Each structure stands twice: as C-alpha cells, then as structure tokens.
Amino acid sequence: SNKSAFDFDYIYVAPVRSSATYNAEGSSTSISSYSLRLIPKKGDTPKISSYWSYSGNVYFTYPSLKHQDGYQFKIYKANKKKAVKTLTNSTSCQLKKGQAYKVRTRSYALVNSTKKYGAWSSYKYFVPGVKSLRVTSRTQHSVKIKWAKVKGGKVKYDIYVSTSYNKGKKKALKNVKGTSARITKCGKKSLKRNSYYYFYVVPKVKAGKKYKASPIYSYVTTYTRY
C-alpha cells in the first residue's frame, strides 16, 4: 500500500486458550475507528541528479518511500561527523567546489503531529567539482592538466579522455595521487596532433578501506599542438 496508515473500522481482542483438541475463546472487546500510522523503511543511498558548477548548487533525487510524509538530507564533510547542512523537504543546496562531502537521508511519518523517522540510509560520497582545472602544456601527442587538491579527506583521481563532450569517455589514468597528470592516449590510441579532446577528472574519496568515485566530475578541453 502507498498509504501512510492502515485504517480499521473495528479491532477485536479476545482471550483464547488452546489444547490439542479444542480452542476456548472468551468474550471480546472492540476498539472502533482506529488508524495505525506506519514509519518509512530505511532510505536508499542518496543519488545526485545534477550539479551547476557556476552556482555550486547540488541537486539530490527526491527520496520517495512508502508511508512517507516528509524527508531529510544531512550533509557532512567527508572526514567529519558533524553535519554542515540539514535539508528538510528540500533536494538542493549550495556547496563549496573542491571539498569532499558525504550525504545520507531518512524519511518520516507524522504521528499525532510528531515526526517519527525511519532509519538513516548509507552515505553517498561526492565532490562538487575540482578547482582550478586547466591545461598547463600540450605537445603533438600529449597534454598535461593540473588542478587544486580536494580538501576534506584522502582523495585519489581517475582521468578520462574523450573526443566528444560527455560521450565515449575512456579511462586514461587511475588512482592518481597528485594534482597533475600527463595524458598520451585516448583508449588504446595515441593522442593525435591538431585534434580536440575532453579531459575529465573524477575524484575518489576514501570511505573506510575503499575509495568511492564522485558522481560529479570536472572537465577541460584543448587541441593538441599542431
């Protein structure tokens, strides 16, 4: 059911004693017109629907759950326990570029005008874009890019290359620990001179023993030298 409550016209309660061959039932007592409010289940890990790099606004997917009257997002720096932002019945906020974050969500039902929350979801780790991403040098068959270090936790970077915007991305380098990289190939092919390329930087934030790739990435474009 998508309803936030189960409604009953009557609930009957009666004592019963059972033996191997017989059930003895006493007289019953009834409660009429009773509504049982339901609390939402644990939320799914949040998803990011879009990001506007000029304004710094991050938009999260609406967490639709059964029995939900409202919802809440809490956003933290990736390496901190104290929330920096709390969103109630809102799916967007402005965040700092170049800062690693984590977000979780939960939903609530109203019980006698009081919010009763379900369990928190797992965290989603993300970085709202890297700062100062630029091309520092280029030759006939290579391009060097540089960016500012992401703050708020241990971060590695994967680098992708494509000849078309947001299409056909091919991984060029993975687990880069520094803040610069020289790229010489797009997939298995060497970069060609007088060709236009897109270079994508995807931060990966350390969460426990694993690194989680940010769903938000940054890109820069350039010709190879001719």
Side-chain angles (χ1 to χ4, degrees), residues 1-13 31 33-53 55-130 150-158 166 174-175 202-218:
S1 170
N2 288 319
K3 296 170 62 178
S4 61
F6 285 136
D7 297 319
F8 303 92
D9 291 328
Y10 295 93
I11 297 177
Y12 292 93
V13 179
I31 303 173
S33 300
Y34 185 79
S35 179
L36 177 64
R37 298 292 292 170
L38 300 174
I39 299 206
K41 68 176 184 179
K42 179 180 178 179
D44 294 328
T45 304
K47 294 180 179 179
I48 294 172
S49 59
S50 61
Y51 166 67
W52 293 91
S53 60
S55 64
N57 272 36
V58 177
Y59 295 83
F60 303 100
T61 300
Y62 172 72
S64 180
L65 290 177
K66 291 181 179 180
H67 322 305
Q68 166 183 286
D69 290 316
Y71 57 90
Q72 187 178 69
F73 287 100
K74 283 210 173 192
I75 303 166
Y76 311 73
K77 291 182 179 179
N79 57 352
K80 301 293 183 181
K81 295 182 178 180
K82 185 177 179 179
V84 294
K85 286 185 182 290
T86 299
L87 308 178
T88 301
N89 299 328
S90 174
T91 57
S92 68
C93 66
Q94 192 174 57
L95 295 171
K96 293 181 179 179
K97 182 181 286 190
Q99 170 69 53
Y101 293 98
K102 59 186 178 183
V103 60
R104 60 179 180 169
T105 186
R106 62 179 179 176
S107 295
Y108 65 83
L110 292 173
V111 180
N112 296 326
S113 300
T114 301
K115 294 176 182 177
K116 298 294 183 179
Y117 287 94
W120 282 110
S121 71
S122 300
Y123 287 107
K124 182 69 175 181
Y125 288 77
F126 66 99
V127 179
V130 298
V150 169
K151 299 178 180 179
K154 292 185 177 181
V155 180
K156 295 180 181 179
Y157 309 89
D158 287 347
N166 216 20
K174 64 178 182 179
N175 296 327
V202 179
K204 299 194 298 185
V205 185
K206 190 172 185 182
K209 295 182 178 180
K210 297 182 178 180
Y211 282 83
K212 305 287 187 179
S214 171
I216 298 173
Y217 49 81
S218 302

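This is a predicted model, so every value here is computed, not measured.
Of the options Lys212, Lys174, Lys204, a salt bridge (charged side-chain N to carboxylate O under 4.0 Å, His left out) to Asp158 is made by Lys204 and by none of the others. Tyr101 pairs in a side chain to side chain contact (heavy atoms under 4.5 Å, CB included) with only one of the listed residues (Val84, Ile216, Val127), which is Val84.
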*Can you check side chain to side chain contact (heavy atoms under 4.5 Å, CB included) on Tyr108 and Asp69, steps first, answer last?*
CA-CA 6 Å; Tyr108 65 83; Asp69 290 316; 4.3 Å; yes
*For Ser107 and His67, what are the C-alpha separation, side-chain angles and deciding distance, and is it a side chain to side chain contact (heavy atoms under 4.5 Å, CB included)?*
CA-CA 9 Å; Ser107 295; His67 322 305; over 6 Å; no
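Scanning both residues, Tyr117 and Arg106, for their nearest heavy atoms gives CD2-NE, 3.2 Å. The shortest heavy-atom contact between Gly129 and Ser218 is CA-OG, 3.3 Å. Counting all heavy atoms, side chain and backbone alike, Gln94 lies closest to Ser55 at NE2-O, 2.6 Å. Between Val58 and Pro128 the shortest heavy-atom distance is CG2-CB, 4.2 Å. Closest approach of Leu65 and Gly43 over heavy atoms only: CD1-CA, 4.0 Å. The two residues Gly70 and Asn89 come nearest to each other via the heavy atoms CA-OD1, 3.2 Å.
Counting only distance, with no hydrogens or angles, the side chain of Ser49 and the backbone of Tyr59 share a donor-acceptor pair below 3.5 Å. With hydrogens and angles disregarded, a donor-acceptor distance shorter than 3.5 Å links the side chain of Gln68 to the backbone of Pro63.
In this structure, Lys102 satisfies the cation-pi test against Tyr123, with its NZ or CZ atom closer than 6.0 Å to the six-membered ring centre and inside 45 degrees of the ring normal.
Taken from OH in Tyr71 to OG1 in Thr91, the straight-line distance is 5.0 Å, to the nearest 0.5 Å. Here CD1 of Ile48 is found 12.0 Å from OG of Ser92. Values are rounded to the nearest 0.5 Å. Distance OG1/Thr88 to CZ/Phe73: 10.5 Å, rounded to 0.5 Å. Within the model, atoms NZ of Lys66 and OG of Ser64 stand 10.5 Å from one another, a figure rounded to the nearest 0.5 Å. Atoms OG1 and CD, from Thr105 and Gln72 in turn, are 8.0 Å apart once rounded to the nearest 0.5 Å.
By the 4.5 Å heavy-atom criterion applied to side chains, Gln99 and Val150 are not counted as neighbours. Using a 4.5 Å heavy-atom cutoff, the side chains of Lys154 and Tyr211 are in contact. Contact of the Lys124 side chain with the Pro215 side chain is registered, since non-hydrogen atoms from C-beta on lie closer than 4.5 Å.
The 12-atom threshold is exceeded at NZ of Lys97, counting heavy atoms of other residues, nucleotides or ligands nearer than 6.0 Å. In Lys156, the NZ atom is crowded: over 12 heavy atoms of neighbouring residues, nucleotides or ligands sit closer than 6.0 Å. Other residues, nucleotides and ligands place more than 12 heavy atoms under 6.0 Å from the CH2 atom of Trp120.
The aromatic rings of Phe126 and Phe60 lie perpendicular to each other, with more than 60° between the two planes, well past the 30° mark.
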